[in-house]
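Reading through the structure tokens given below for one structure.
Throughout, numbering of the chain's residues begins at 1 and tracks the sequence. Note that ligands are numbered from 1 as they come in the structure, with each ligand's atoms numbered from 1 the same way.
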Amino acid sequence: MGLPLREELRGIEPYGAPQLDLPVQLNVNENPYAPSEAVVADVAQAVAEATRRLNRYPDREFVELRAGLAAYLGRDVGGGVAPEQVWAANGSNEVMLHLLQAFGGPGRTALSFAPTYSMYPEYARDTNTRWVVGHRAEDFAIDVDQARALIAQERPSVVLLPSPNNPTGTALPPEHVAALCAATAEAGGVLVVDEAYAEFRRAGTPSALEQLPDNPNLVVTRTMSKAFALAGARLGYLAASTEVCDALRVVRLPYHLSAVTQAVALAALRHTDELLGNVDTLRHERDRTVDWLREQGLTVADSDANFALFGTFADRRAIWDGLVARGVLIRETGPEGWLRVSIGTPDEMAAFRAALLEVLP
Ligand SMILES: *Cc1c(COP(=O)(O)O)cnc(C)c1O
């Protein structure tokens, strides 16, 4: 008997980057620096305390964690962020699914501009939301006039814009955020600026958080998976109006954030400065990597993130394979002909450079 699988899911493979056990892992934009022993000890103790109460459901509203995340975000905004303006879930992927569950759905449209994060169309599909994709310019910037026209025409209820963008590394200038936010508001939608890589942005690039007070339809998502070096903990969050957060409380599963997750995230927040301590090293290594790739005659997108998109190759698969054969795992993603490398430790980047020199045509 055939399973009653939804028509649009037939023949679809589960999405995800290949998880190959290679010595140099530069494929999913993780922070290469593991937490220190001091952080490990504090997190372990917090988990032990949480374990003593694991017979009970966790705090459904994760009040303490919301306050901790709000305080952290307050570093980036003059007026601060209130705990009621913060929402969190198991990775910002789940946060964005909540957004689509609340603001998307049958008869509605979600919109982004390619090349963009490959998960967005999946949230749209899974929530029966129509998916529309515009295009970025040749330099991966967004043409604001074209974008405004597309938003006016398609009237999306959700616009998803990563800044810095994955896979290109391109950050949105604040005036573009303001213009697109206004255009989305006119269409009756919410604008989600996905700032998964915000902590890596170059000096002088402000966060969209600064525009929250002026824009009730603006949502800024963040994650502990990248700069915070906590990808394994699965904790993503957002800041928005309290109305947005209250809408998300309706669609979340009961007790979606486990007591263990909350304890780990709170303990990590107590070590914010230490966990973010390698961000400057990574930004420096990124700039060095971009320069080096350009010196090899390659085209490289300017990056405000912890990765670089480079190309172009007539056969990018051959380059990727050649690197894999040399123990270096990068990502085959982005427009045809391009490859993405995450920024690792200086030793890992040296291994990447040596391997790439051997496989370049
Ligand atoms: C890595 C990434 C995220 C983070 O996902 P988590 O679920 O928080 O691990 C979100 N958005 C983009 C564009 C990313 O590249």
Ligand 1 and Arg234, any nitrogen or oxygen pair closer than 3.5 angstrom?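 Yes, since at least one N or O of Arg234 sits under 3.5 Å from an N or O of ligand 1.
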Quick check: does Tyr197 get an N/O under 3.5 Å from an N/O on ligand 1?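 Right, the criterion is met.
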Considering Asn29, Asn93, Leu97, which one's heavy-atom position lies nearest to atom 5 (O) of ligand 1?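 Of the listed residues, Asn93 has the closest heavy atom.
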Check each of Lys226, Met96, Arg222 against atom 1 (C) of ligand 1 and report the one with the nearest heavy atom.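 Heavy atom nearest to atom 1 (C) of ligand 1 belongs to Lys226.
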Tell me which part of Ser92 gets within contact of ligand 1: side chain, backbone, both or neither, using heavy atoms under 4.0 Å.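 Both the backbone and the side chain of Ser92 come within reach of ligand 1.
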Distance only, no hydrogens: is a donor on one side chain within 3.5 Å (strictly under) of an acceptor on the other, for Glu195 and Ser163?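 There is no such pair (donor and acceptor under 3.5 Å, judged by atom type) between the side chains of Glu195 and Ser163.
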Between Ser225 and Glu30, is any side-chain donor less than 3.5 angstrom from a side-chain acceptor?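 Ser225 vs Glu30: no donor-acceptor pair found between side chains.
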[X]: numbered ligand 1 atoms lying under 4.0 Å from its heavy atoms:
X: Ser225; answer: 6 (P), 8 (O), 9 (O)
X: Gly91; answer: 6 (P), 7 (O), 8 (O)
X: Asn166; answer: 13 (C), 14 (C), 15 (O)
X: Ala196; answer: 2 (C), 3 (C), 10 (C), 11 (N), 12 (C), 14 (C)

Would you compute the distance between atom CD of Glu8 and atom CZ of Arg125 and round it to the nearest 0.5 angstrom?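 These two atoms lie 8.0 Å from each other.
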For Asn55, I'd like to know if atom CG has over 12 heavy atoms of other residues, nucleotides or ligands within 6.0 Å.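 Yes, CG of Asn55 has more than 12 neighbouring heavy atoms, counting only those of other groups under 6.0 Å.
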For atom 13 (C) of ligand 1, find the nearest protein heavy atom and state the residue, atom name and distance (0.1 Å precision).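 Atom 13 (C) of ligand 1 sits closest to the protein heavy atom Asp194 OD2, 3.3 Å.
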Tell me whether the centres of the aromatic rings in Phe140 and Trp338 are closer together than 6.0 Å.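 Ring-ring flag for Phe140/Trp338: true, centres closer than 6.0 Å.
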Taking Thr116 for the side chain and Ser112 for the main chain, is one N or O donor matched with an acceptor at less than 3.5 Å?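 No: the side chain of Thr116 does not pair with the backbone of Ser112.
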Return yes if some donor-acceptor pair links the side-chain N/O of Asp76 with the main-chain N/O of Ser207 below 3.5 Å, else return no.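 No, the answer is negative, given that no donor and acceptor are paired below the 3.5 Å cut-off.
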